[in-house]
Amino acid sequence: MLAGKTALVTGSTSGIGLAVARALARAGAKVMLNGSRPAADAEALRAELAVEAGVEVAYTTANLADPASARALVAATIAAFGSVDILINNAGIQHVAAVDAFPDDTWDQLMAINVSAVFHTTKAALPSMKAKGWGRIVNIASAHGVVASPFKAPYTASKHAVVGFSKAVALEVAEQGITCNALCPGYVRTPLIEKQVVDQAKVHNMPEDRVIREVILAAQPTKQFVEADEVAAFAVFLCSDAAKAVTGSVQLIDGGWTAR
Ligand code: NAD
């Protein structure tokens, strides 16, 4: 479905980003993986994906908290593949704490990775997409882009920002064959959530199994985690030609969470 396309997936060495990268590769796209660790650490993963999918897969180290590094990641993708047709802004961090106890430097870091990096990669990638008259931007926001939870004010603010940014970009490029959407998962069991279980256990003073049942999945009517592969399949659809009219949208994959 995506043969001949090139894709950059930020934060793609684990969790949702890895699932999306794998699904795009299986759909035929050349994929640039990204993480903050050195290339040698990701080499086994890169080689595995390339062999499994039979496409070119590369890896670039970038610290997305640094604007220059975010822009260099897009430049590295264009240098490797000639273009960046698909941009998946996935990298993100979470920190759970009451607002009045939230560390200032963690707020700065969270906004830099969750929001500013999305701006910098999008800005850097759009000229390549405009030149081809085809592009797909999928911003992995969250159900927290639409609703809020206590002890997650900075994360909620960051994901609402990503939703708004996605809509505005979509409007700007609507006549140029480029779509931009926010994909909003509910709870997906990934390393990010494992850390949150530990943090929430501290905040609520509860054992971790009770936190999963009574705090985390309390919000999700299906009482099941969303699977990373399900988010990935949705992202691949948004990158397809069949989804060319889907733009500026907020797509929820949240087990019914936001229907309440
Ligand atoms: P994860 O921790 O497994 O993956 C996050 C990725 O971001 C990792 O690959 C990590 O290396 C990368 N990353 C973090 N900081 C970085 C930096 N400074 N530079 C480069 N890369 C960096 O988490 P995940 O759950 O797969 O989350 C992926 C995205 O999905 C995030 O934006 C998150 O907010 C969003 N999300 C997750 C859930 C969930 O329940 N897991 C729900 C909704 C939205």
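Counting starts at 1 for both ligands and their atoms, in listed order.
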Worked check of side chain to side chain contact (heavy atoms under 4.5 Å, CB included) between Leu73 and Leu64: CA-CA 9 Å; Leu73 174 59; Leu64 292 170; 4.0 Å; yes
Trace of the side chain to side chain contact (heavy atoms under 4.5 Å, CB included) decision for Ser83 with Ser128: CA-CA 6 Å; Ser83 67; Ser128 169; 3.5 Å; yes
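- Residue contacts with ligand 1: Gly186 is included, with a non-hydrogen atom under 4.0 Å away.
- Evaluated by nearest non-hydrogen atom to atom 44 (C) of ligand 1, the leading choice among Ala141, Gly92, Ser158, Ala91 is Ala141.
- The single protein non-hydrogen atom nearest to atom 3 (O) of ligand 1 is Ser14 OG, 2.8 Å, given as residue, atom name and distance.
- Within the cation-pi definition used here (under 6.0 Å to the ring centroid, within 45° of the axis), Arg136 qualifies as a partner of Trp134.
- The aromatic ring centroids of His95 and Tyr155 lie 6.0 Å or more from each other.
- For atom 14 (C) of ligand 1, the closest non-hydrogen atom of the protein is Ile93 CG2, 3.9 Å.
- Below 4.0 Å from some heavy atom of Tyr187 lie the following atoms of ligand 1, by number and element: 40 (O).
- Annotation for Lys132: atom NZ counts as buried by contact number, over 12 foreign heavy atoms lying within 6.0 Å.
- Of the charged side-chain nitrogens involved, none lies within less than 4.0 Å of a carboxylate oxygen, so that Glu56 and Arg46 do not count as a salt-bridged pair.
- When the options Ser142, Gly11, Cys184 are ranked by their closest heavy atom to atom 10 (C) of ligand 1, first place goes to Gly11.
- The shortest N/O to N/O separation between Gln109 and ligand 1 does not fall below 3.5 Å.
- Remark: ligand 1 atoms within the under-4.0 Å shell around heavy atoms of Ile193 are 39 (C), 40 (O), 41 (N).
- Distance from atom 23 (O) of ligand 1 to its nearest protein heavy atom, with residue and atom name: Leu192 CB, 3.2 Å.
- Distances from atom 18 (N) of ligand 1 to the heavy atoms of Val9, Ile16, Asn63, Val188 show the closest one on Asn63.
- If you number the atoms of ligand 1 from 1 as listed, the ones under 4.0 Å from a heavy atom of Gly15 come out as 3 (O), 26 (O).
- Protein heavy atom nearest atom 11 (O) of ligand 1, with residue, atom name and distance: Thr13 OG1, 4.0 Å.
- In terms of protein heavy atoms, atom 31 (C) of ligand 1 is closest to Asn90 O, 3.1 Å.
- Scanning for side chain to side chain contact (heavy atoms under 4.5 Å, CB included) contacts around Ala58 gives Met32, Phe81, with sequence neighbours left out.
- Enclosure of atom CG in Asp209 by more than 12 non-hydrogen atoms of other residues, nucleotides or ligands within 6.0 angstrom is indicated.
- At the top of the distance list for atom 24 (P) of ligand 1, counting protein heavy atoms only, stands Thr190 OG1, 3.4 Å.
- Between Leu64 and ligand 1, a contact under 3.5 Å exists for at least one N or O pair.
- When only non-hydrogen protein atoms are considered, atom 36 (N) of ligand 1 lies nearest to Tyr155 OH, 3.5 Å.
- Counting only heavy atoms of the protein, atom 20 (C) of ligand 1 lies nearest to Ala62 O, 3.2 Å.
- If you look at Arg37 next to ligand 1, there are no close heavy atoms at all, none under 4.0 Å.
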